[in-house]
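Input: a single structure, listed below in structure tokens.
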Amino acid sequence: MMNIQRLMIIGGGQMGSGIAQVVAAAGMNVILNDIDPACSLKGLGAIRNNLIRDVEKKRKSQAEMDAILARISLSSDLEDGRNVDMVIEAIVENMLIKSELFKKLDLICPQHAILASNTSSLAITEIASFTKRPDQVIGMHFMNPVPVMKLIEIIRGLRTSDETYLLVENLAKRMDKVPIEVNDFPGFVSNRILLTMINEAVFCLYEGVAARESIDEVMKLGMNHPMGPLALADFIGLDTCLAIMEVLHEGLGDSKYRPCPLLRKYVAAGWLGKKSGRGFYNYK
Ligand code: CAA
Ligand code: NAD
């Protein structure tokens with residue numbers, strides 16, 4: 001079986017930077033690529049801050065932190081993927097934009113390289129169809145915040161090979177994560193359930209069932225959720241939440257998945273949650 005040693009992560013936002021951190025912490029070399037160099041630089045800053053906290057809490061030594069950072073390099077040129085064993089894509093949740101990227105990656109990356117997507121909801125089978133290696137395309141769905149959350153949902157496209165699946169399952173274990181295999185359906189398991197709940201919480205706010213804090217407190221105190229659904233939506237990013245609801249609605253065809261108009265309105269206003277400074281809550 002191939003020994004995955006060099007990876008490229010595409011998208012240096014909250015997910016891509018977290019993935020780069022856990023890959024480097026597991027001893028592999030990683031290139032963190034973003035079209036916007038300011039984003040990958042910001043991502044590296046977040047990684048550094050996480051590692052500083054690990055050193056302060058004595059979970060890691062200074063030498064370990066330095067070694068992890070030394071394994072990460074930044075890039076804004078896709079051609080840097082010409083020598084990697086694997087790519088994990090974590091760019092915007094949009095099929096058209098992802099398809100353009102996968103077409104380019106298929107031309108640039110070595111023949112043996114696996115092309116994985118961290119998509120939250122989009123069809124892996126369709127993403128794979130934009131390449132000439134659909135057997136080497138797979139979904140590797142990390143949870144936010146990546147360094148903390150144990151789960152990786154692994155999504156098999158219709159043409160994903162067993163070999164690719166086993167390599168990625170093994171990689172997840174090397175990162176000290178728990179892989180769970182699911183089939184390729186809109187939103188997989190995680191977001192079919194989670195986002196439907198979040199969307200329902202937005203409807204509760206929209207219909208005036210309760211104030212935002214009350215909705216969140218009910219779910220925290222009543223159901224032991226670590227975060228209320230509206231705070232969690234802000235944390236995920238409201239643009240991503242809306243994109244996932246659109247995929248569920250279109251892909252499953254049931255009106256129960258219709259995105260709440262209030263969610264659409266917030267995204268249209270540029271209130272994307274924590275990352276933009278305002279969503280259901282204010283972060284400035
Ligand atoms: N990056 C790295 N580490 C982080 C972090 C981040 N962004 N946020 C928190 N942590 C760490 C903290 O450092 C802390 O560790 P130490 O104290 O040991 O240093 C630990 O997590 C706990 O943090 P806090 O004490 O500050 O706060 P908390 O106990 O409320 O935990 C949380 C924070 C882990 C985020 C928790 O609130 C939680 O589990 N929230 C729900 C997260 C969730 O549901 N994630 C899934 C989102 S959906 C998804 O990812 C899929 C998708 O496609 C949309
Ligand atoms: P984000 O907005 O924080 O970051 C996206 C990054 O991708 C930005 O830095 C942007 O500059 C970059 N980018 C956009 N187009 C690019 C391209 N063509 N080439 C290179 N870089 C490009 O988004 P995020 O929250 O990190 O989400 C990224 C992906 O991960 C999405 O597919 C999302 O659905 C998925 N995901 C998100 C979460 C979450 O909780 N936010 C959880 C699991 C999976």
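Atoms within each ligand, like the ligands themselves, are counted from 1 in listed order.
- Protein heavy atom at the shortest distance from atom 14 (C) of ligand 2 is Ile91 CB, 3.8 Å.
- Using modelled atom types and a 3.5 Å distance limit, the side chains of Thr164 and Gln136 yield no donor-acceptor pair.
- Between Glu100 and Lys103 there is a salt bridge, with a side-chain nitrogen of the basic residue lying less than 4.0 Å from a carboxylate oxygen of the acidic one.
- With salt bridges taken as basic N to acidic carboxylate O contacts below 4.0 Å, none links Asp234 and Lys275.
- In this structure, Leu101 falls outside the shell of residues with a heavy atom less than 4.0 angstrom from ligand 2.
- Ranking the protein heavy atoms by distance from atom 23 (O) of ligand 2 puts Lys275 NZ, 4.1 Å first.
- For the pair Met143 and ligand 2, the shortest N or O to N or O distance does not fall below 3.5 Å.
- Looking at Asp34 next to ligand 2, an N or O pair under 3.5 Å apart turns up.
- The atoms of ligand 2 that sit less than 4.0 Å from any heavy atom of Ile35 are 13 (N), 15 (N), 16 (C), 17 (C), 19 (N), 20 (C), 21 (N), 22 (C).
- Taking all heavy atoms of His225, Gln21, Lys57, Lys220 into account, the minimum distance to atom 17 (O) of ligand 1 is reached by Lys57.
- For atom 3 (N) of ligand 1, the closest heavy atom belonging to the protein is Arg53 NH2, 3.0 Å.
- Glu100 does not count as a contact of ligand 2, since none of its heavy atoms falls under 4.0 Å from the ligand.
- Among Ala233, Pro229, Pro226, Ala231, the residue whose heavy atom sits closest to atom 38 (C) of ligand 1 is Pro226.
- When the heavy atoms of Ser190, Ser121, Pro145 are ranked by distance to atom 5 (C) of ligand 1, first place goes to Pro145.
- Looking at Asn118, Asn191, Val148, it is Val148 that brings a heavy atom closest to atom 4 (C) of ligand 1.
- Using modelled atom types and a 3.5 Å distance limit, the side chains of His141 and Asn118 yield no donor-acceptor pair.
- Residues passing the side-chain contact (heavy atoms from CB on, under 4.5 Å) test with Lys173, sequence neighbours excluded: Glu169, Pro179.
- Residue contact annotation: His141 has a non-hydrogen atom under 4.0 Å from ligand 2.
- In the vicinity of Ile236, heavy-atom distances shorter than 4.0 Å reach the ligand 2 atoms 39 (C), 40 (O), 41 (N).
- Side-chain contact of Glu93 with Thr240: a donor-acceptor pair under 3.5 Å is absent, judged by distance alone.
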